[in-house]
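Here the structure comes first, spelled out in structure tokens, and everything after it is commentary.
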Amino acid sequence: MGKGTSALVRGQSSVGSRAWIEVVEPRTLLATVSGMVWNDLNNDGIKQSREKWFSLEDSIAAQVGLWIDLDGNGKQNGSEPYQTLSKEGTYSLSADTAGPIAVRMAYSIDTTKQTVGIYAPVKVVVPSATQTNFPNQNIPMRKAIVVSGEMFFDINANGTKDTDETSRGDAIVYYDADNNGVRAPDEPFTPFSGPLGYTNSKFQITVPEGPGVLRVSTFETIDYTVPPINYTAVIGTNQTKNFAIRPEMVVQGRIFKDVDGNGKRTAGEAYVGAGAVRAWLDFNNDGVWNSDSEPSSATDASGNYHILNRKTSAKFGVNIRFRLSPTKPIASTSRLQRLVFKTIQETQTYNFGFAPASVKVRVIKDLDSSKTFTPGDSALQGAVVYIDKNRNGVLNSGEITATTDVDGFVTFKGVLPTEDPKELTIRVRYSTTKNNHTTDDPIVLTVIPLEQANTVFGIKPK
């Protein structure tokens, strides 16, 4: 069966009658892209009357061809449609494809006869059921230069490949025409000396005249910084530029709920949930997370954090700090140490504990009904404070309760079963044989994970 056709298969239904079942094959489109190539003398991408359609001159000894890059690897493979440009500068290419078509140009110049290179942008079209023919896809031929170099691990961050620094090649180099950090389909690129996966560290790419940016796009998630290359292309000169890979300094670890407050994780203490805590490197030691300059990491579902530091030098020390997302900084129960990196490839691991959400209540004899501890007020010891779980105004079996100490304080720990804020209703029971007292209405608090809520419960003499 040919492409784009269907076959009819005879089948049997459940009741014995015959039925026709249509099996439809995936449909691909035979698309054609055609046009001309012209000498873009002023490099503006617009053909003007004085600019001629490109034609080969024997004195240049050049060969120019175009191909459809079906696999998107920037190399012309034997199975991809290819055509040498005609002497009149025309081309026509066809391909069966279900996706976008990228027409790229391949060329070779005899450098002994011509020092000026050529550059041609990629032409991208998208076939559809209503359009498979794309005429007048004209391509400008511009003067250009070649930028070449390699990519290496810049261990000491000096920008120069030293004898003990190795190369790397599992990436591509692309010309970032709009300088947005993302490779678009029509932006020229070249793999490092071959198809994807090759490890040769050399690259060579033709770029248009003028200022531009080259970037590296890697094929795996790695803890590296590869700064872009800024250049100014001058006709008649080629340039050598190297990509210096700067391995990251990494701070990582896990964050747990330190129920017993001893700064170490013990059996039964769970890790915090996804996004519950954000760790950051406080470079200026001001306790405030500056998101544009201080690297950070929120915890994942297992309590892990992973901070990549992109400083160009390893000679610095800094404190790691924590905050609740997105409220306020919080203090760890674990001992905080000042981080000092000795090399830019170093990874340091620190685990940190945080006290679970708690509620601290103080019960006082509130003479002036201010609900704050003021001169003349006194702490009430022996008051029963409880969390009214069912909010019925009665201390029921199973509800959390505590008795105030000599200073009138009680603290409830571990009051949040989940990572979400929770509203709690707190009540007080208090009486003595000498004095009768009455309590205020219950206090309703919203408790935040890993924070301590503080409140004062005022009791008025009756």
Side-chain angles (χ1 to χ4, degrees), residues 3 26-38 40 45 54 62-86 89-109 117-128 131-142 144-148 151 169-178 180-200 202-208 212-220:
K3 294 182 178 180
R27 179 177 176 83
T28 57
L29 301 172
L30 178 62
T32 300
V33 186
S34 60
M36 300 186 72
V37 178
W38 85 90
D40 190 11
F54 185 81
Q63 182 180 7
V64 177
L66 298 97
W67 88 96
I68 295 178
D69 193 6
L70 294 175
D71 57 11
N73 70 349
K75 297 288 184 179
Q76 197 277 321
N77 303 323
S79 59
E80 294 174 333
Y82 175 87
Q83 181 189 69
T84 301
L85 193 68
S86 73
T90 63
Y91 76 94
S92 180
L93 292 166
S94 298
D96 283 319
T97 180
I101 290 179
V103 177
R104 300 182 186 274
M105 186 172 291
Y107 45 83
S108 61
I109 298 293
I118 56 176
Y119 163 84
V122 181
K123 182 67 67 173
V124 178
V125 298
V126 182
S128 67
Q131 185 179 11
T132 57
N133 188 32
F134 298 88
N136 302 317
Q137 299 299 311
N138 301 324
I139 300 176
M141 186 81 78
R142 305 174 183 174
I145 69 165
V146 173
V147 179
S148 59
M151 184 167 67
D170 52 346
I172 63 174
V173 177
Y174 69 96
Y175 167 58
D176 194 1
D178 52 11
N180 67 348
V182 180
R183 184 173 66 84
D186 61 344
E187 291 178 336
F189 68 94
T190 179
F192 275 96
S193 188
L196 312 186
Y198 279 28
T199 56
N200 192 304
K202 304 291 184 180
F203 76 91
Q204 187 177 61
I205 187 170
T206 305
V207 297
V213 178
L214 294 179
R215 297 184 187 273
V216 163
S217 177
T218 57
F219 299 121
E220 59 177 304

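The shown structure was predicted, so the numbers you read here are calculated from the model rather than taken from an experiment. One is the number of the first residue; the rest follow in order along the sequence.
Scanning both residues, Q204 and V146, for their nearest heavy atoms gives CG-CG1, 3.2 Å. Smallest separation of non-hydrogen atoms from I101 and A31: CD1-CB, 3.7 Å. The two residues I68 and A95 make their nearest non-hydrogen contact at CD1-CB, 3.6 Å.
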Query - Chi angles and distances behind the side-chain contact (heavy atoms from CB on, under 4.5 Å) call for R104, L66 - result: CA-CA 6 Å; R104 300 182 186 274; L66 298 97; over 6 Å; no
Report task. Quick one: do T32 and L93 satisfy side-chain contact (heavy atoms from CB on, under 4.5 Å)? Show the steps, please. Result -> CA-CA 6 Å; T32 300; L93 292 166; over 6 Å; no
Requested in this report: For the pair V216 and M151, evaluate side-chain contact (heavy atoms from CB on, under 4.5 Å) and give the outcome as yes or no after the intermediate values.
Outcome: CA-CA 9 Å; V216 163; M151 184 167 67; 3.9 Å; yes
Query raised in the report: Where do L214 and V207 land on the side-chain contact (heavy atoms from CB on, under 4.5 Å) test, with the steps shown first?
Result: CA-CA 9 Å; L214 294 179; V207 297; 3.9 Å; yes
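Of the possible polar contacts, one joining the N180 side chain to the V182 backbone as a donor-acceptor pair under 3.5 Å is found. Panel note: side chain E187, backbone V122; no donor-acceptor pair is recorded below 3.5 Å. Looking at E80, its side chain never comes within 3.5 Å of a backbone N or O of G78 through a donor-acceptor pair.
For the pair S217 and F189, the minimum side-chain heavy-atom distance is 4.5 Å or more. T206 is not listed as a side-chain neighbour of P188, based on a closest heavy-atom distance of 4.5 Å or more. With contacts defined as side-chain heavy-atom distances shorter than 4.5 Å, the pair P121/P140 qualifies. Residues L85 and V37 have side chains in contact (heavy-atom distance under 4.5 Å, counting atoms from C-beta outward). Side-chain contact check for P100 versus V125: every heavy-atom pair is 4.5 Å or farther apart. Side-chain contact between V103 and W67 is absent, with no heavy-atom pair separated by less than 4.5 Å. Under the 4.5 Å side-chain criterion, counting only non-hydrogen atoms from C-beta, P81 is in contact with L70. For the pair Y175 and V213, the minimum side-chain heavy-atom distance is 4.5 Å or more.
Note that CZ of F134 is 12.0 Å distant from NZ of K123, once rounded to the nearest 0.5 Å. How far CD of Q83 is from OH of Y91: 9.5 Å, rounded to the nearest 0.5 Å. For the atom pair CG (D69) and CE (M105), the distance works out to 14.0 Å, reported to the nearest 0.5 Å. Between the CG atom in D40 and the CG atom in N138 there is a gap of 11.5 Å [rounded to 0.5 Å].
When only modelled atom types and interatomic distance are considered, S34 and S92 share no side-chain donor-acceptor pair under 3.5 Å.
Judged as a salt bridge (Lys or Arg N to Asp or Glu O under 4.0 Å), and not counting sequence neighbours, the contacts of R215 are D176.
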